[in-house]
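Report on one structure; see the data block that follows.
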Amino acid sequence: MKFTTSLFALMAAASTLVQANNDALQPYSIYAYGINATFLPYGARLTSLYVHDRNNTPRDVVLGYDDPAQYVKDTATNHTYFGPIVGRYANRIRNGTFTIGDTEYQVPANEHGGQNTLHGGSMGYDDRNWTVTASNTSSITFTLMDPSGYQGFPGAVLTHVTYTVTSPPRLTTRIVSVSLDSYTPIMLSTHIYWNLGAFQSSTILNNTLYMPYSDRIIDIDSILDPTGGLASVKYPLQSSSLPLNFTQPKQIYEGALYSQQCGAGCTGIDNAFILNRPLYSSIDDASFPVLELTSPDTGIKMSLKTNQQSLQIYSCGGQNGTIPVKASQGKGFVEKYGCLVIEPQQWIDGINHPEWGQTERQIFGPDSPPQVLWASYDFTTV
Ligand SMILES: *[C@@H]1O[C@H](CO)[C@@H](O)[C@H](O)[C@H]1NC(C)=O
Ligand SMILES: *[C@@H]1O[C@H](CO)[C@@H](O)[C@H](O)[C@H]1NC(C)=O
Ligand SMILES: *[C@@H]1O[C@H](CO)[C@@H](O)[C@H](O)[C@H]1NC(C)=O
Ligand SMILES: *[C@@H]1O[C@H](CO)[C@@H](O)[C@H](O)[C@H]1NC(C)=O
Ligand SMILES: *[C@@H]1O[C@H](CO)[C@@H](O)[C@H](O)[C@H]1NC(C)=O
Ligand SMILES: *[C@@H]1O[C@H](CO)[C@@H](O)[C@H](O)[C@H]1NC(C)=O
Ligand SMILES: *[C@@H]1O[C@H](CO)[C@@H](O)[C@H](O)[C@H]1NC(C)=O
Ligand SMILES: *[C@@H]1O[C@H](CO)[C@@H](O)[C@H](O)[C@H]1NC(C)=O
């Protein structure tokens with residue numbers, strides 16, 4: 001009897017898998033007391049995340065679209081990367097080239113007129129249809145088999161991403177990748193656009209951001225490719241040239257309206273902040289918060305822990321009031337500075353900067369341990 005039951009369970013699970021393969025735009029939801037989240041296999045993408053505000057009203061605190069089909073259209077047009085996994089190599093690769101051993105590899109240079117690669121090339125992990133391989137009421141796992149040579153990357157890579165919600169309200173992301181047959185770069189991240197005020201205000205400029213260990217950034221050139229330099233975020237707080245110091249809690253406008261270290265003609269935050277963990281901790285220690293973000297409108301406070309080595313922070317300077325917010329968030333549009341993207345990731349373009357000593361976290365072969373990246377987001381109210 002027991003055997004029969006589990007056989008039925010297996011068959012049911014298998015038929016769910018087939019359905020998932022057939023429809024990458026079918027939403028899947030998970031929940032725990034005080035939190036729920038919805039995902040699409042298309043990009044293994046987070047499309048909504050509800051937590052309660054200080055008045056106990058549920059608020060959807062991430063950006064996205066109501067109609068799942070809109071994500072496919074977005075990829076083909078504005079390509080905002082609302083909520084997916086980005087990879088095989090997140091962020092930028094200068095010139096779209098890198099060398100492993102004696103071989104130089106060229107991957108699609110899909111940004112800045114062919115001057116660099118962004119988020120894994122013209123068909124990144126955000127634009128792939130992942131398979132649901134495990135799920136229960138509070139957790140879901142998406143799996144992607146990335147074939148050898150696809151988008152020019154050497155070797156096949158198998159990735160499982162597991163999203164879990166627990167109570168007290170926490171979202172955990174765990175990304176496990178294995179290089180199956182060659183040495184290859186692997187650098188994955190989540191690309192979640194946050195608005196903890198759930199668009200009660202049109203911008204996040206009044207949110208308070210605190211990144212206690214982020215006293216350095218990766219220096220970038222006019223098209224946001226790393227120069228190889230590492231720069232201090234620098235004191236004083238509110239000066240036109242030195243606004244990226246969030247090592248004490250500070251409102252985002254103090255950085256977003258003054259910083260000009262985000263490429264040619266750009267004002268705002270679009271920087272990779274290096275996590276300099278405290279002396280007593282190991283480099284992969286993920287036991288303490290590396291970022292806190294608080295909205296004055298909802299009182300929602302998010303606290304992020306991760307074993308990744310940096311945080312790319314983007315203050316949505318490129319939004320211009322043309323993309324509508326979700327129905328759950330009112331009737332407005334996503335305005336300039338209407339969101340904050342937080343990408344826990346490794347040092348960007350580290351594959352082209354062996355002098356940084358990050359290679360073992362970014363290049364993986366069949367004899368390497370799996371790459372295991374995780375982040376947790378705790379929600380409280382103040
Ligand atoms: C998540 O919570 C919100 C707010 O309570 C609710 O409207 C929505 O239906 C929930 N979603 C799921 C999938 O349970
Ligand atoms: C892309 O942006 C344009 C202009 O902001 C907007 O009209 C269009 O709806 C957007 N497309 C998608 C798919 O979001
Ligand atoms: C707004 O941004 C979108 C996406 O980047 C772009 O397509 C559109 O031309 C912009 N519209 C205006 C009015 O600047
Ligand atoms: C840039 O890419 C080209 C191929 O597109 C390659 O020949 C060249 O060596 C690369 N330059 C650098 C500095 O890596
Ligand atoms: C992924 O699914 C979407 C939505 O069904 C579809 O438009 C797209 O062609 C699929 N992509 C691939 C690579 O199969
Ligand atoms: C759901 O799966 C997750 C991940 O495997 C596990 O940690 C959790 O205990 C499971 N929850 C339930 C309710 O079965
Ligand atoms: C920020 O808060 C101040 C004071 O409460 C208010 O005057 C201002 O309009 C707010 N700005 C934004 C962008 O919310
Ligand atoms: C950042 O600001 C704090 C004061 O808020 C200061 O103690 C610290 O030295 C500054 N960091 C740098 C790198 O200038």
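All heavy atoms count here, side chains included; hydrogens, waters and symmetry mates do not. Each ligand, and each atom within it, is numbered from 1 in the order the structure gives. Treat the numbers as computed from the prediction; the structure is a model and nothing was measured.
The shortest contact between atom 5 (O) of ligand 1 and any protein heavy atom is with Pro58 CG, 3.5 Å. Regarding atom 1 (C) of ligand 4, its nearest protein heavy-atom neighbour is Asn95 ND2, 1.4 Å. When hydrogens are left out, the protein atom nearest atom 7 (O) of ligand 4 is Glu104 OE1, 4.0 Å; that is the closest non-hydrogen contact.
Protein heavy atoms are found less than 4.0 angstrom from atom 11 (N) of ligand 1.
Ligand 1 places these atoms under 4.0 Å from at least one heavy atom of Ser29: 13 (C). Contact atoms of ligand 4 toward Gln106: 2 (O), 4 (C), 5 (O) (distance under 4.0 Å to a heavy atom of the residue). Residue contact check: Asn78 has heavy atoms under 4.0 Å from atoms 4 (C), 7 (O) of ligand 3.
To the nearest 0.5 angstrom, Thr381 atom OG1 is 8.0 Å from Asp53 atom CG.
The residue from Asn320, Thr80, Thr77, Asp74 that puts a heavy atom closest to atom 3 (C) of ligand 3 is Asn320. The nearest non-hydrogen atom to atom 6 (C) of ligand 1, considering only Thr38, Ile30, Ile35, Asn36, comes from Asn36.
No heavy atom of Arg94 sits closer than 4.0 Å to any atom of ligand 4.
In this model, a donor atom of one side chain and an acceptor atom of the other lie less than 3.5 Å apart for Asp285 and Ser287. Side-chain N/O atoms of Thr227 and Asp221 include no donor and acceptor closer than 3.5 Å.
Close placement of the Trp194 and Tyr377 rings is indicated, their centers lying within 6.0 Å of each other.
Annotation for Phe142 and Pro41: closest pair CE2-CA, 3.7 Å, computed over non-hydrogen atoms.
Both Ile192 and Ile252 belong to a single network of hydrophobic side chains, linked directly or stepwise wherever heavy atoms of I, L, V, M, F, W or Y lie under 4.5 Å apart.
Counting heavy atoms of neighbouring residues, nucleotides and ligands inside a 6.0 Å radius, atom CZ of Arg277 exceeds 12 of them.
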